[in-house]
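Side chains are part of it too, since the values below use all heavy atoms of this structure and drop only hydrogens, waters and symmetry mates. Below, chain A is the first sequence line, B the second, and so on; all start at residue 1.
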Amino acid sequence: MKYFKSLVRPYLVWSFIVVLVPLFMIFLYAVTNSGNSLINIQFTLNNFGKFVEPVYLEVFINSIRLGLITVAICLVLGYSMAYIIARQKEKVQNFLILLVTIPMWINMLIRIYAWKSILEPLGLMHTDFAVMVGQICEFLPFMIIPIHTSLSKMDKSFVEAAYDLGANPVQTFFKVTFKLSIPGVLNGVIMVFLLSISTFMIPQILGGGQYMLIGNLIEKQFIEVGDWNFGSAVSLLLALIILFSIRWMKKIDKGEN
Amino acid sequence: MNALIELKNITKTFDDQQILKGINLKIYENEFLTLLGPSGCGKTTTLRIIAGFDESDGGELLFDGIEISKQPPYKREVNTVFQKYALFPHLNVFDNIAFGLNIKKTEKSVVKQEVEKMLKLVGLSGFEKRDVTSLSGGQQQRVAIARALINKPKVLLLDEPLGALDAKLRKEMQFELKKIQKEVGITFIYVTHDQEEALSMSDTVVVMNDGYIQQIGTPTDVYNEPENRFVAQFIGESNIIEGTMIRDCLVAFDDFEFECVDKGFKENEEIEVVLRPEDIDIVAADKAKLTGTVTSIVFKGVHYEIMVQSKYRQYMIHTTDYHEVGLEVGLAFGPEDIHVMWKMV
């Protein structure tokens with residue numbers, strides 16, 4: 001065992017270099033002024049202060065609103081699909097899950113451009129609807145798969161027990177099946193929310209340049225504006241939002257059980 | 001007396017395999033009826049058809065005289081105790097037991113009262129707030145029984161409910177189940193492959209094999225008067241001997257004629273005779289018609305299991321007396337110890 005334990009070291013070194021160091025750099029950029037040199041560092045909280053400016057606040061609110069709507073629609077669609085898939089025979093289930101995952105083998109950019117060529121002739125480009133459609137199609141599999149996993153693992157005798165105790169199919173679904181699939185639902189919700197709140201490709205291409213979400217804001221700060229300090233601060237804040245939403249979800253999960 | 005549940009020629013096929021080949025059965029009020037048989041004999045399928053989880057392919061299922069084959073399980077007046085209990089893991093003991101009443105929108109105070117009554121019945125008072133996953137197998141079992149009984153079903157279905165418990169707990173629960181059945185006074189339909197369980201708890205035992213009912217009778221009936229070789233072998237240990245029925249009350253096997261109490265067979269009909277190992281006495285060789293040599297003796301706790309080789313076969317005898325290997329002995333039994341049964345075709 002001791003021998004095997006030492007095998008983890010290269011990974012630790014690697015993750016230190018590619019995860020911790022960049023994270024530290026982002027943190028450092030976020031709390032300093034621009035134009036610092038290595039010897040002369042000026043700490044400041046001004047970068048965070050910028051958020052309260054209405055322009056940026058709106059970006060945040062928009063992103064979270066869009067994220068929540070995407071999650072809600074994905075949840076309804078994804079749950080129904082996962083539920084239907086989970087009721088099939090095992091062979092059919094495997095095939096359907098394969099169908100769900102196949103689009104993910106294709107590069108995301110190509111899929112987005114495919115949507116562009118569908119939406120453009122319909123005159124629907126650069127609308128909320130276009131961004132929504134793009135997001136939902138991108139992220140739906142991340143909702144279906146965890147829910148399907150928890151539904152297909154569920155012992156059928158729970159449903160039979162509910163029927164046996166007088167619950168009709170609708171009551172059985174809400175009182176037993178759904179409740180027991182909540183861990184899968186939470187995983188799906190977290191994943192879709194994370195993906196949609198941090199995306200920048202979909203709003204940029206399908207929403208047009210004027211569509212500004214957190215992801216786009218970060219990208220702009222680094223690539224166009226060149227304000228790495230503010231960009232880092234936004235990234236840090238996004239990471240915090242994500243971290244807290246996961247913790248909050250986990251808490252709900254524990255409360256349910 | 002009218003049957004509470006009646007199965008008429010029920011058949012069921014799964015994946016080209018016929019599991020039930022025509023089940024006819026009447027189940028009465030307050031009866032403790034056990035479906036007994038080896039795995040794959042169709043006993044669980046029969047239970048699931050009564051519960052409504054599976055639909056029969058053919059035949060009739062009458063409940064109180066009304067055909068209910070097409071009725072969904074949530075409309076039937078039966079409740080089930082599942083093999084692995086199937087307690088809802090997201091609910092505590094109280095909410096599990098209250099599930100059925102809550103579905104019926106029963107008033108909160110009544111629910112509380114009823115749950116407490118049920119917990120008392122199954123001996124789990126004070127467990128209301130406990131997490132069901134933290135309970136032992138025996139306790140989960142009791143919760144499952146309470147959850148079913150609180151709905152005041154006319155029939156309680158139990159699918160090998162003691163299968164997952166250890167031997168000692170099983171004995172306790174057997175006793176407890178019988179007590180609960182007497183207390184609530186409803187019909188229990190119990191599925192098991194354990195013959196001892198079936199014999200010690202039931203009013204009626206239904207022995208099943210290969211999709212058919214082999215015998216229906218009281219525990220003493222099926223033990224003492226098995227109708228065929230399968231029943232005799234499945235329930236208890238037995239010596240099965242092929243023989244001929246000379247006439248009423250006279251049977252011949254192993255070169256001798258013996259008086260018996262069985263009637264109603266044709267003259268000179270080929271039959272099979274069951275001799276239970278505990279019904280045979282070992283006597284001096286000159287005191288009995290059948291003789292043989294002791295070939296082995298094994299101590300089984302309460303009794304010895306002795307094998308005696310006679311001219312045609314080996315007899316198994318259970319006795320508390322010790323007989324040395326190699327000893328020439330006689331095998332004695334009375335007319336009432338001989339059980340004649342139909343030969344299986």
Report, in residue-number order, which members of residues 44-75 of chain B are under 4.5 Å from chain A by heavy-atom distance. B/Arg48, B/Phe53, B/Pro73, B/Tyr74

Could you list which of residues 143-154 of chain B have a heavy atom closer than 4.5 Å to any heavy atom of chain A, in residue-number order?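 So far as heavy atoms go, B/Arg147, B/Ala148, B/Asn151 are the residues that approach chain A to under 4.5 Å.
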
Got a donor-acceptor contact below 3.5 angstrom from the A/Asp164 side chain to the B/Asn79 backbone?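 No; zero donor-acceptor contacts below 3.5 Å.
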
Would you say the side-chain atoms of B/Gln18 pair up with the backbone N or O of B/Thr13, donor to acceptor, closer than 3.5 Å? no

Checking A/Ser63 now: which residues fulfil side chain to side chain donor-acceptor pair (under 3.5 Å) with it, not counting sequence neighbours?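 Listed in chain order: nothing, the list is empty.
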
Start with the C-alpha gap between B/Leu101 and B/Val110, add the side-chain angles, then the distance that decides, and say whether side-chain contact (heavy atoms from CB on, under 4.5 Å) holds. CA-CA 9 Å; B/Leu101 293 184; B/Val110 180; 5.7 Å; no

How about A/Phe178 and A/Tyr79: are their ring centroids closer than 6.0 Å?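 Yes, the ring of A/Phe178 comes within the 6.0 Å limit of the ring of A/Tyr79, centre to centre.
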
Is the centre of the A/Phe51 ring less than 6.0 Å from the centre of the A/Tyr56 ring? no

Listed by residue number, which members of residues 133-147 of chain A have a heavy atom under 4.5 Å from any heavy atom of chain B? none

For A/Gln171, which atoms come within 4.5 Å of any heavy atom of chain B: side chain, backbone, both, or neither? side chain

Does B/Lys12 count as lying over the ring of B/Phe14, i.e. NZ or CZ under 6.0 Å from the six-ring centre, within 45 degrees of the axis? yes

Hey, does A/Ser196 have a side-chain heavy atom less than 4.5 Å from the side chain of A/Leu66? no

Heavy-atom distances under 4.5 Å only: say whether B/Leu91 touches chain A with side chain, backbone, both or neither. neither

